Enquirer: 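There's a structure below that I have some questions on.
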Amino acid sequence: MAREAESVSKLEFAVQMSCDSCAGAVRASLEGVPGVRSVAVDRQREEVLVDTTLTAREVQELIEATGRRAVLKGMGVSEQGDLGVAVAMLEGPGPVQGVVRFLQVSEGLCLIDGTIDGLRPGPHGLHVHEFGDLTHDCLSCGEHFNPFGKQHGAPEDTERHVGDLGNITAGPDGRASFRLEDPQIKVWDVTGRSLVVDSGEDDLGRGGHLLSKVTGNSGDRLACGIIARSAGLFQNPKQICACDGVTLWEERDRPVAGPGRRAANQPAAHL
């Protein structure tokens, strides 16, 4: 299994708050929750900052339990700037889709925060692959990112691909929500590459199968996405996405990718 993260990150949410009691309800939903270190609520700017060891999805669900919608706008470790932030929006030919964020906490530690839906319950291999090429869906992503020519292994192993992130586990509802720390991933090295989630469990190089030391024998590639540079704290003033016509609050209610993403009557973007 991959290592659960203990580092504190700062999450910046846009939250619909029209009154002081709304802001008070949002604050009350977060303060005192294990894993939440501090909360700052600005009603005028409709902004909530949370220092936490929880996943972004967990914090969002706590806020939205008050009846207010929330959108994650930025992620970081310091208001003075970060070493790098990236995001991968995963989708495939099937029902699997998700969002995974990478935050470089220090030179030697990357925080990986994600939620992937539509999975079969149980463990699934998660890997960074060498190419950011989705020409043939996940098949054109290349092999695991392995700049040092090592054998496949577990995240905690010295003998491992840099892209080996171990397993994430989906619950009975098909959702895997995770927050991991990795000492080998560097945001600046993986930006432009791809992230892939597999159909089966990664045996971490210890299964004795012919593919164990190559891929972890974790089955087919279910969904993938290019790892792209993302907004850090206070770097995302977006109210509407010019590429697909989706406003900040429409975005909250639409799929992260695929059918149903674009605004009504908005043509597909040609990138």
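Keep in mind that what you see is a predicted model, and the values were worked out from it rather than measured.
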Enquirer: Please name the pair of heavy atoms, one in Pro155 and one in Gly166, separated by the smallest distance, quoted to 0.1 Å.
Expert: CG-N, 3.5 Å
Enquirer: Grouping I, L, V, M, F, W and Y whenever their side-chain heavy atoms are under 4.5 Å apart, do Leu180 and Val128 come out in a common cluster?
Expert: yes
Enquirer: Within the structure provided, determine whether Val99 and Thr115 are in side-chain contact (heavy-atom separation under 4.5 Å).
Expert: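 Side-chain contact under 4.5 Å: no.
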Enquirer: If we ignore hydrogens and angles and just use 3.5 Å, is the side chain of Arg68 paired with the main-chain N or O of Thr66 as donor and acceptor?
Expert: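 Yes; judged by distance alone, with no hydrogens or angles, the pair exists.
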Enquirer: Any donor and acceptor pair, going by atom type alone, linking the side chain of Ser194 with main-chain N or O of Phe131 inside 3.5 Å?
Expert: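 Flag set: sc Ser194 to bb Phe131 pair under 3.5 Å.
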Enquirer: Minimum heavy-atom separation for Ala223 and Gly92, please, with both atom names.
Expert: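 Closest heavy-atom pair between Ala223 and Gly92: CB-N, 3.8 Å.
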Enquirer: So, does Ser230 use its side chain to make a donor-acceptor pair with the main chain of Val85 at under 3.5 Å?
Expert: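 Not a single qualifying donor-acceptor pair exists.
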Enquirer: Taking C-beta and beyond as the side chain, do Thr52 and Val8 meet within less than 4.5 Å on heavy atoms?
Expert: no
Enquirer: Within the 4.5 Å heavy-atom criterion, are Arg101 and Ile112 side-chain neighbours or not?
Expert: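 Not touching, per the 4.5 Å side-chain cut-off.
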Enquirer: Could you tell me whether the side chain of Arg206 reaches within less than 4.5 Å of the side chain of Asp157, counting heavy atoms only?
Expert: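 Touching, per the 4.5 Å side-chain cut-off.
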Enquirer: Evaluate side chain to side chain contact (heavy atoms under 4.5 Å, CB included) for Val36 paired with Asp51, printing each intermediate quantity in order.
Expert: CA-CA 6 Å; Val36 174; Asp51 286 339; over 6 Å; no
Enquirer: Suppose we screen for side-chain hydrogen bond (donor to acceptor under 3.5 Å, both in side chains). Which residues come up paired with Arg37, at least two apart in sequence or across chains?
Expert: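 With neighbours one apart ignored, the set is empty.
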Enquirer: First locate atom CG of Leu54, then atom CG of Leu62, and finally report the distance between them rounded to the nearest 0.5 Å.
Expert: 7.0 Å
Enquirer: State, without any angle test, whether Asp113 and Thr55 hold a side-chain donor-acceptor pair at a distance under 3.5 Å.
Expert: no
Enquirer: Please check: side-chain N/O of Ser29 versus main-chain N/O of Val26, any donor-acceptor pairing under 3.5 Å?
Expert: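 Yes, the answer is positive, given that a donor and an acceptor are paired below the 3.5 Å cut-off.
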Enquirer: Taking the side chain as C-beta and beyond, is there a heavy-atom pair between Glu12 and Met75 under 4.5 Å?
Expert: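 No, too far: nothing below the 4.5 Å cut-off.
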Enquirer: Say whether Ile185 and Val196 are linked into one hydrophobic cluster, either directly or through other cluster members, by side-chain heavy-atom distances under 4.5 angstrom.
Expert: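 Per the 4.5 Å side-chain linkage, Ile185 and Val196 are not co-clustered.
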Enquirer: Rounded to the nearest 0.5 Å, how far does CZ of Arg27 lie from CD1 of Ile63?
Expert: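 Answer for the CD1-CZ pair, Ile63 versus Arg27, is 11.5 Å.
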Enquirer: So, taking the atom named CG in Asp189 and the one named CD in Gln184, what distance separates them when rounded to the nearest 0.5 Å?
Expert: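 Answer for the CG-CD pair, Asp189 versus Gln184, is 11.0 Å.
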Enquirer: Can you check whether Val162's main-chain N or O pairs, donor with acceptor, with Arg160's side chain at less than 3.5 Å?
Expert: yes
Enquirer: Which heavy-atom pair separates His161 from Phe145 by the least distance, and what is that distance?
Expert: CB-O, 3.5 Å
Enquirer: Which pair of non-hydrogen atoms, one from Asp164 and one from Gln151, has the smallest distance, and what is that distance?
Expert: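 Result for this residue pair: OD2-O, 4.5 Å.
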Enquirer: Mind checking disulfide bond (SG atoms under 2.5 Å apart) for Cys138 and listing every partner two or more places apart, or none if nothing turns up?
Expert: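 By the disulfide bond (SG atoms under 2.5 Å apart) rule, Cys138 matches Cys224.
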Enquirer: Has the side chain of Thr215 got a donor or acceptor atom that lies under 3.5 Å from a matching backbone atom of Ser212?
Expert: no
Enquirer: Just by modelled atom types, is the Asp117 backbone N or O under 3.5 Å from a matching donor or acceptor in the Gln97 side chain?
Expert: no
Enquirer: For the atom pair CZ (Phe178) and CZ (Arg57), what is the distance rounded to the nearest 0.5 Å?
Expert: 11.5 Å
Enquirer: Looking at Leu109, is its backbone amide N or carbonyl O close enough to the side chain of Gln104 to form a donor-acceptor pair, meaning the two atoms are under 3.5 Å apart?
Expert: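 Yes.
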Enquirer: Ignoring hydrogens and angles, state whether a donor on the side chain of His127 or Asp198 is under 3.5 Å from an acceptor on the partner side chain.
Expert: yes
Enquirer: Which heavy atom in Leu119 sits nearest to a heavy atom in Ala170, and how many Å separate them?
Expert: CB-CB, 3.7 Å
Enquirer: Tell me whether Glu46 contacts the main-chain N or O of Gln16 through its side chain, where contact means a donor paired with an acceptor under 3.5 Å.
Expert: no
Enquirer: Is the shortest side-chain heavy-atom distance between Val48 and Leu30 below 4.5 Å?
Expert: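 Answer yes - side chains close enough.
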Enquirer: Counting neighbours of CG on Asp220 that are heavy atoms of other residues, nucleotides or ligands and sit closer than 6.0 Å, is the number greater than 12?
Expert: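 No.
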Enquirer: Between the side chains of Arg43 and Ser18, does any donor sit under 3.5 Å from an acceptor?
Expert: no
Enquirer: Could you check whether His144 and His129 have their ring centres less than 6.0 Å apart?
Expert: yes
Enquirer: Sequence neighbours excluded, which residues qualify as side-chain contact (heavy atoms from CB on, under 4.5 Å) partners of Lys150?
Expert: Asn146, Phe148, Glu159
Enquirer: Identify whether the distance between the nearest side-chain nitrogen and carboxylate oxygen of Lys213 and Asp203 falls below 4.0 Å.
Expert: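 Salt bridge absent between Lys213 and Asp203.
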Enquirer: What is the minimum heavy-atom distance between Ala56 and Leu72, and which atoms define it?
Expert: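 Here Ala56 and Leu72 meet closest at CB-CD2, 3.8 Å.
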Enquirer: Do the side chains of Val190 and Leu126 join up, straight or via other hydrophobic residues, at under 4.5 Å, putting them in one cluster?
Expert: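 Yes; Leu126 is reachable from Val190 via cluster members.
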Enquirer: About how many Å separate CG of Asp182 and CD of Glu156, when rounded to the nearest 0.5 Å?
Expert: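 Spacing of CD (Glu156) from CG (Asp182) equals 10.0 Å.
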Enquirer: Would Leu90 end up clustered with Leu134 when hydrophobic side chains under 4.5 Å apart are linked, directly or stepwise?
Expert: no
Enquirer: Output, in order, the C-alpha distance, side-chain angles, deciding distance and verdict of side chain to side chain donor-acceptor pair (under 3.5 Å) for Arg179 and Ser9.
Expert: CA-CA 11 Å; Arg179 196 170 185 270; Ser9 61; 2.9 Å; yes
Enquirer: Taking the side chain as C-beta and beyond, is there a heavy-atom pair between Leu210 and Asn217 under 4.5 Å?
Expert: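 Leu210 vs Asn217: side chains apart.
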Enquirer: Check whether the side chains of Asp202 and His124 place a donor and an acceptor atom closer than 3.5 Å, and report yes or no.
Expert: no
Enquirer: Kindly compute the distance separating CG (Asn167) from CG (Leu204), expressed to the nearest 0.5 Å.
Expert: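 If I round to the nearest 0.5 Å, the distance is 5.5 Å.
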Enquirer: Assess the residue pair Leu165 and Leu195 against the criterion (side chain to side chain contact (heavy atoms under 4.5 Å, CB included)); give the C-alpha distance rounded to whole Å, side-chain angles, the decisive distance to 0.1 Å, and a yes or no.
Expert: CA-CA 10 Å; Leu165 298 178; Leu195 184 69; 4.0 Å; yes
Enquirer: I'd like to check Phe13 versus Leu49 (side-chain heavy atoms, cut-off strictly below 4.5 Å). Are they in contact?
Expert: no
Enquirer: Any ion pair linking Glu61 and Arg175 (charged N to carboxylate O, less than 4.0 Å)?
Expert: yes
Enquirer: State yes or no: do Val197 and Val214 share one hydrophobic cluster built from I, L, V, M, F, W and Y residues joined by side-chain heavy-atom distances below 4.5 Å, directly or via other members?
Expert: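 As far as the 4.5 Å side-chain criterion goes, Val214 and Val197 are not connected within one cluster.
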Enquirer: Give the intermediate values and the outcome of side chain to side chain contact (heavy atoms under 4.5 Å, CB included) for residues Cys110 and Val187.
Expert: CA-CA 7 Å; Cys110 184; Val187 166; 4.1 Å; yes
